[in-house]
Amino acid sequence: MARAARATAPTAAPARRLPVSTRRRLPVLAATTLLVASLGAVPATASAARSASAPSTSALSATTNANATVTPPKTPVATGYGGAVSSVDPDASAAGIEVLRRGGNAVDAAVATAAALGVTEPYSAGVGGGGYFVYYSAKHRKVFTIDGRETAPLSADRNLFLGADGKPIPFDQAVTSGLSVGTPGAPATWDRALDAWGTRSLAHVLRPAERLARHGFTVDATFRQQTAGNQARFADFPASAELFLPGGELPKVGSTFKNPDLARTYALLAKKGAAALYKGELGRDIVTTVQHPPVRPGADRVVRPGDLTAKDLRAYDTKRQAPTRTSYRGLDVYGMAPSSSGGTTVAEALNLLERTDLAKLSEQQYLHRYIEASRVAFADRGRWVGDPAFEDVPTRGLLSQRFADARACLIKDDAVLASPVAPGDPRDSKPCGSGETAAPTTYEGENTTHLTVADKWGNVVAYTLSIEQTGGSGITVPGRGFLLNNELTDFSFAPANPAVHDPNLPGPGKRPRSSMSPTIVLDNGRPVLALGSPGGSTIITTVLQTLIGHLDRGLPLVDAIAAPRASQRNAAATELEPALWNSPLRARLEALGHTFKQNPEIGAATGVQRLPDGRWLAAAETVRRGGGSAMVVHPTGEAR
C-alpha cells in the first residue's frame with residue numbers, strides 16, 4: 001500500500017568487538033588465505049579487492065540520470081559509511097545506494113534493489129516470483145522475517161505432477177508449463193516489508209527500477225549466456241521471444257536492453273500497490289497466461305496448462321514468523337524458518353561442527369568435517385522439513401544442540417559416511433541411532449538471486465528471491481514484461497523413497513520447500529554480518545562454507561565468498577568446483593573414502609559486514625556469474 005514517507009532513525013550501534021572465540025583465530029588468516037589462493041580460485045584477495053576503487057558519486061550517475069544507460073563498474077568489495085548494498089548486479093546495487101543516499105533505510109533500499117534485479121536479472125527473480133526477507137532492526141535489536149514463498153493453487157494435490165499412468169511427468173515438461181507456476185509472492189513481500197519497517201512508499205522505491213526498465217541496461221556476457229540457454233524455450237512463447245530475442249537474435253554484449261512493458265508494470269504497482277496483482281488487472285493477466293499458455297503456432301513443445309485462479313491470488317498472504325536461531329562460537333546465527341529448509345539445515349550443520357575447533361585442523365580435516373556435517377544435516381532436512389501449515393516440522397528439535405550432538409557421533413575422522421544417510425528423530429534424540437529409512441535428496445533448481453543491505457542506523461536486510469530455474473517457466477506474461485516462476489517444481493513429484501514420509505509433496509495452497517538461506521549473524525544483539533546466495537540446494541552449503549570460512553578459518557568476508565566450494569547434500573558424490581577438483585586435496589580425501597564429481601560453479605554469494613570502527617563492508621563474488629557488485633554510500637576516503 002502507498003504511504004506517506006515516515007522517518008524512523010534508530011540510534012547507531014556502537015563499534016563491535018569480536019568475541020574472544022573469534023579473535024583468537026585471526027592469526028590463521030594469512031596462512032589460510034595463501035592456501036586458498038594457491039588453489040587458484042581467489043582472483044581477488046581481500047587486499048587486492050579493497051584496492052579497487054569503490055563506486056563514487058559519479059559512478060552512481062547511471063541511476064540518477066534519467067537518460068543514462070551506462071552500467072556502473074563492478075567491484076567485489078567496498079568499505080565506508082552511510083550504508084552498504086551487495087548484489088550480483090551493479091545497476092541493482094546502485095538502485096539501493098540511491099535510496100540510501102536519499103534518506104531511505106535498509107528495507108527501502110532492499111526493495112529498490114530487488115525491483116532493479118527484476119530488470120537486470122529477469123531470469124532469476126522478479127514480479128512473477130517470491131522469496132524470503134530477513135530483517136534486523138537496530139531499534140529493537142531483533143531479527144524479523146517474511147515468508148514470501150509462492151503457493152500452489154487451492155486445487156493442487158499430491159498428484160500435481162503425476163501423469164495418467166501415475167508416474168511423474170518429465171521434469172522439463174513440468175518446468176515449462178502452467179502447472180509449475182505458483183502464486184507470486186514478491187509484490188506482497190515488498191508491500192509488507194515497507195509497511196512494517198520501511199520509511200518510503202512502494203511508489204518511491206520502485207522509481208529506480210522503473211527508470212532502469214524504461215531506459216535500459218548494458219547487456220553483459222552472463223545475460224547473453226543465460227538467454228542462449230533459454231533460446232529454444234523462449235522462441236516457443238511469442239511474448240518471451242519478443243522481449244528476450246528481438247528480431248529472433250540473442251542480445252549482443254554491450255548493447256542496451258530495454259523493457260518498457262516492465263516499466264509500465266512497475267508504474268502500475270506504484271499507483272495501485274500490490275493489490276494490482278492480487279485483486280486487479282495484473283493478476284487477471286497472470287491467471288489467463290497460466291491457464292492458457294500463449295504458445296507459438298506450430299510449436300511442437302508440450303506445454304500443460306495450470307489451474308491458478310483469481311481466488312488463489314486473493315487468498316495469498318505472506319507470513320511473518322520467528323526466525324531460526326542457533327549459537328555458534330558465541331555468536332547468534334539467524335535464518336529463515338520453514339517453509340525454507342535453509343535456516344534449520346545451516347543451523348544443524350553449525351551445531352554439528354560446534355564441538356570441533358576448525359581453526360586448528362588441516363585443510364583436509366576441515367573439508368572432511370564440513371562435508372560430513374552437511375551430509376548429516378541434509379538427511380534430516382529431507383525427512384522433516386516442509387510447509388509447517390501442512391507438516392509437523394520439529395523446528396526446535398532440528399535447531400537444538402542436543403540433537404546435533406546425538407547426530408555428531410556418526411562423523412568419524414578416519415571414515416566417510418555412505419549416502420543416503422538415514423535421518424535422525426529430533427523428537428527422540430538417540431546417539432548415532434535412527435529408526436528411520438534413508439531417502440536420497442530430491443532435485444531443486446539452481447537459479448535464484450540474493451541481496452544484502454545495511455543502512456547508517458545499523459538496520460540490515462538479507463533477502464533471497466527467485467523464479468526457480470534460470471528463466472523460470474519460460475513464459476512471459478504478455479504486455480507485462482516479466483517471466484512467471486516454476487517454483488512448484490520444488491515440490492517432490494513423488495516420494496524419493498516410498499517407505500519414507502516425504503514432507504514436500506504438493507498440496508492445496510502449500511508452499512514448496514526451499515533451500516534459500518538469507519542469514520544474519522549478531523554479537524550481543526549487534527550485527528556482525530549478513531549473507532546469502534543463489535544455487536538451489538547448494539545455497540545451504542554455500543552459506544555454511546562461507547560462514548565457517550570467515551568465522552573459523554579467518555578469511556576476510558570477500559575471500560570466504562571467493563574460496564573454492566564443495567557441496568554435499570546426502571548424495572553419493574560431493575560436488576567440487578574446479579579449484580578443489582584439480583587440487584591434491586581431492587586425492588587425499590578420496591583415499592579417506594570420499595567420492596566426488598565436478599560442478600563448474602556453486603552459488604554466488606553476497607554479504608555485508610559491520611567493521612569494528614563502525615564502517616560497513618560490502619562483499620560479493622569476484623568471478624562467479626561474472627562477479628558481483630558491492631557498494632557503500634560513502635566509500636572510505638571520500639569526503640562526506
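Arg513 places no side-chain N or O within 3.5 Å of a backbone atom of Ser341 that could act as its donor or acceptor partner. Judged by distance alone, the side chain of Ser492 and the main-chain N or O of Pro495 form no donor-acceptor pair under 3.5 Å. Side-chain atoms of Glu621 come within 3.5 Å of backbone atoms of Ala605 as a donor-acceptor pair (strictly under, hydrogens ignored). A donor-acceptor pair under 3.5 Å is absent between the side-chain atoms of Thr288 and the main chain of Asp285, judged by distance alone. A donor-acceptor distance shorter than 3.5 angstrom exists from the side chain of Gln321 to the backbone of Ala337, with no hydrogens or angles considered.
Ring-plane geometry between Phe133 and Trp197 is classed as parallel, the angle between the planes falling under 30 degrees on a 0 to 90 degree scale with a further cut at 60.
More than 12 heavy atoms of other residues, nucleotides or ligands sit less than 6.0 Å from atom NZ of Lys319. More than 12 heavy atoms of other residues, nucleotides or ligands shown are found within 6.0 angstrom of CG on Asp165. At most 12 heavy atoms of other shown residues, nucleotides or ligands fall within 6.0 angstrom of atom CZ in Arg396. Crowding of Arg158 atom CZ: a count of heavy atoms from other residues, nucleotides or ligands under 6.0 Å not exceeding 12. The number of heavy atoms from other shown groups lying within 6.0 Å of CD (Gln173) is above 12.
Using a 3.5 Å distance cut-off with no hydrogens or angles, the side chains of Ser93 and Ser87 do pair a donor with an acceptor. There is no side-chain donor-acceptor pair under 3.5 Å between Ser537 and Ser515. If you check the side chains of Arg569 and Ser567, you find a donor sitting under 3.5 Å from an acceptor. Thr120 and Asp91 form no side-chain donor-acceptor contact under 3.5 Å, judged by distance and modelled atom types alone. Residues Asn105 and Thr199 bring no donor and acceptor atom of their side chains to less than 3.5 Å of each other. Donor-acceptor pairing under 3.5 Å is recorded for the side chains of Arg375 and Ser419. For His450 and Ser533, the side-chain atoms include no donor-acceptor pair closer than 3.5 Å.
Residue Thr326 comes nearest to Ala347 through the heavy atom pair CG2-CB, 3.8 Å, listed as atom of the first residue, atom of the second, then distance. Taking each heavy atom of Asp490 and Glu468 in turn, the nearest pair found is OD1-OE2, 2.9 Å. Considering every non-hydrogen atom in both Ser517 and Val543, the closest pair reads O-CG2, 3.8 Å.
Within the 4.5 Å cutoff, the side chain of Ile146 has no heavy atoms near those of the Tyr132 side chain. Using a 4.5 Å heavy-atom cutoff, the side chains of Phe161 and Leu488 are in contact. Side-chain contact between Ser473 and Asn485 is absent, with no heavy atoms from C-beta onward closer than 4.5 Å. Within the 4.5 Å cutoff, side-chain heavy atoms of Ile475 are placed close to those of Thr289.
Ion pairing of Asp195 with Arg192 is absent here, as no side-chain N (NZ or NE/NH1/NH2) approaches a carboxylate O to less than 4.0 Å. A salt bridge does not link Glu391 to Arg511: none of the charged nitrogens lies less than 4.0 Å from a carboxylate oxygen.
Rounding to the nearest 0.5 Å gives a distance of 11.5 Å between CD of Glu487 and CG of Leu484. Once rounded to the nearest 0.5 Å, the distance linking CG of Leu212 with OH of Tyr266 reads 9.0 Å.
For Val175, the side-chain contact (heavy atoms from CB on, under 4.5 Å) partners two or more places apart in sequence, or in a different chain, are Phe171, Arg233, Gln469, Asn486, Thr489.
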Assess whether side chain to side chain contact (heavy atoms under 4.5 Å, CB included) is satisfied between Asn259 and Leu243, documenting all intermediate values. CA-CA 7 Å; Asn259 191 340; Leu243 177 59; 3.7 Å; yes

CA sep, side-chain torsions, deciding dist, call: Thr151, Asp312, side chain to side chain donor-acceptor pair (under 3.5 Å): CA-CA 8 Å; Thr151 55; Asp312 295 314; over 6 Å; no

Step by step, work out the side chain to side chain contact (heavy atoms under 4.5 Å, CB included) result for Tyr123 and Phe244. CA-CA 10 Å; Tyr123 309 146; Phe244 300 116; 3.2 Å; yes

